[in-house]
Amino acid sequence: MQGCLFCGIAEGTVPAEIVWSDDEFVAFRDIDPQAPVHVLVIPRHHAPDLAALSATDAAQAGRLLAAVAAVAHGEGLDGGGYRTVLNTGVDGGQTVSHVHAHVLGGRQMMWPPG
Ligand code: 5GP
Ligand code: ZN
């Protein structure tokens, strides 16, 4: 989508440190990491948030979680575990309107989040 930051990363017009990709998804390091490993996983095709993606392509929402697991494996997080976060909307803390899963690991995560 024109003007979307994460579409730009998926298309390669915006630089990012890409750690994993396939035909459908791209994973790259968060610019402001909140853990030793902090990767964002996005579908290449634009959807604004999880609610929209689930409504239009629930199967792709499921495959997004499989991509998260593949990224976590690639980042060496299978043993220690990791946290997966999908923020939706203002109260959810979403700041970029292209659906993305945060993969956080490499330290003990606290609960509840702030
Ligand atoms: P949200 O708050 O929408 O759940 O998460 C958006 C995430 O995108 C934030 O963690 C933020 O640090 C990250 N981010 C924002 N702009 C950029 C960017 O230009 N490049 C990268 N790699 N991450 C970004
Ligand atoms: Zn987009």
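All ligand and atom numbering here is 1-based and tracks the order in the structure. It should be emphasised that the depicted structure is a prediction, and the values quoted were computed from it without experimental measurement.
In this structure, G93 is part of the shell of residues with a heavy atom less than 4.0 angstrom from ligand 1. Under the 4.0 angstrom criterion for non-hydrogen atoms, H102 is in contact with ligand 1. Residue E17 places no heavy atom under 4.0 Å from ligand 1.
At the top of the distance list for atom 22 (N) of ligand 1, counting protein heavy atoms only, stands R29 O, 2.9 Å. The shortest contact between atom 3 (O) of ligand 1 and any protein heavy atom is with T95 N, 2.7 Å. Atom 16 (N) of ligand 1 has L5 CD2, 3.4 Å as its closest protein atom, hydrogens excluded (heavy atom only). The shortest contact between atom 1 (P) of ligand 1 and any protein heavy atom is with H100 NE2, 3.1 Å. The protein atom (non-hydrogen) at minimum distance from atom 11 (C) of ligand 1 is D30 OD1, 3.4 Å.
The nearest N/O/S atom of H46 to the Zn ion (ligand 2) is ND1.
Residue I31 touches ligand 1 through backbone and side chain together, judged by heavy-atom distances below 4.0 Å.
Heavy atoms of other residues, nucleotides or ligands lying less than 6.0 angstrom from NE2 of H38 number more than 12.
Atom numbering of ligand 1 starts at 1 in the shown order; those under 4.0 Å from a heavy atom of V96 are 3 (O), 6 (C). Below 4.0 Å from some heavy atom of N87 lie the following atoms of ligand 1, by number and element: 1 (P), 4 (O). Near D32, meaning under 4.0 Å from one of its heavy atoms, ligand 1 places the atoms 12 (O). Atoms of ligand 1 found under 4.0 Å from any heavy atom of F6 (numbered from 1 in listed order, with element): 8 (O).
Taking the six-membered ring for Trp and the full ring otherwise, H102 and H100 have centroids separated by under 6.0 Å.
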Show the numbers, then the answer: is there a side chain to side chain contact (heavy atoms under 4.5 Å, CB included) between M1 and H45? CA-CA 8 Å; M1 196 183 82; H45 187 264; over 6 Å; no
task: For R83 and V85, run side chain to side chain contact (heavy atoms under 4.5 Å, CB included): C-alpha distance rounded to whole Å, both residues' side-chain angles, the deciding distance at 0.1 Å, then the answer.
output: CA-CA 7 Å; R83 176 168 294 169; V85 177; 3.7 Å; yes
Side chain to side chain contact (heavy atoms under 4.5 Å, CB included) for I18 and V26? Distances and angles first, verdict last. CA-CA 7 Å; I18 292 172; V26 179; 4.0 Å; yes
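Checked against Y82 for a side chain to side chain contact (heavy atoms under 4.5 Å, CB included), the options L104, V37, V68 give a single hit: V68. When the options L53, V41, T88, N87 are evaluated for a side chain to side chain contact (heavy atoms under 4.5 Å, CB included) with V99, the one that passes is L53.
No donor-acceptor pair closer than 3.5 Å links the side chain of R63 to the backbone N or O of A58.
Using a 4.0 Å cut-off between a side-chain N of Lys or Arg and a carboxylate O of Asp or Glu, R44 and E24 do not qualify as a salt bridge.
The Zn ion (ligand 2) lies at the vertex of an angle of 110° between the ND1 atom of H98 and the SG atom of C4 (rounded to 10°).
Close N/O approach between L40 and ligand 1 is not found [any backbone or side-chain N/O within under 3.5 Å].
Rounding to the nearest 0.5 Å gives a distance of 4.0 Å between CZ of F28 and CZ of F6.
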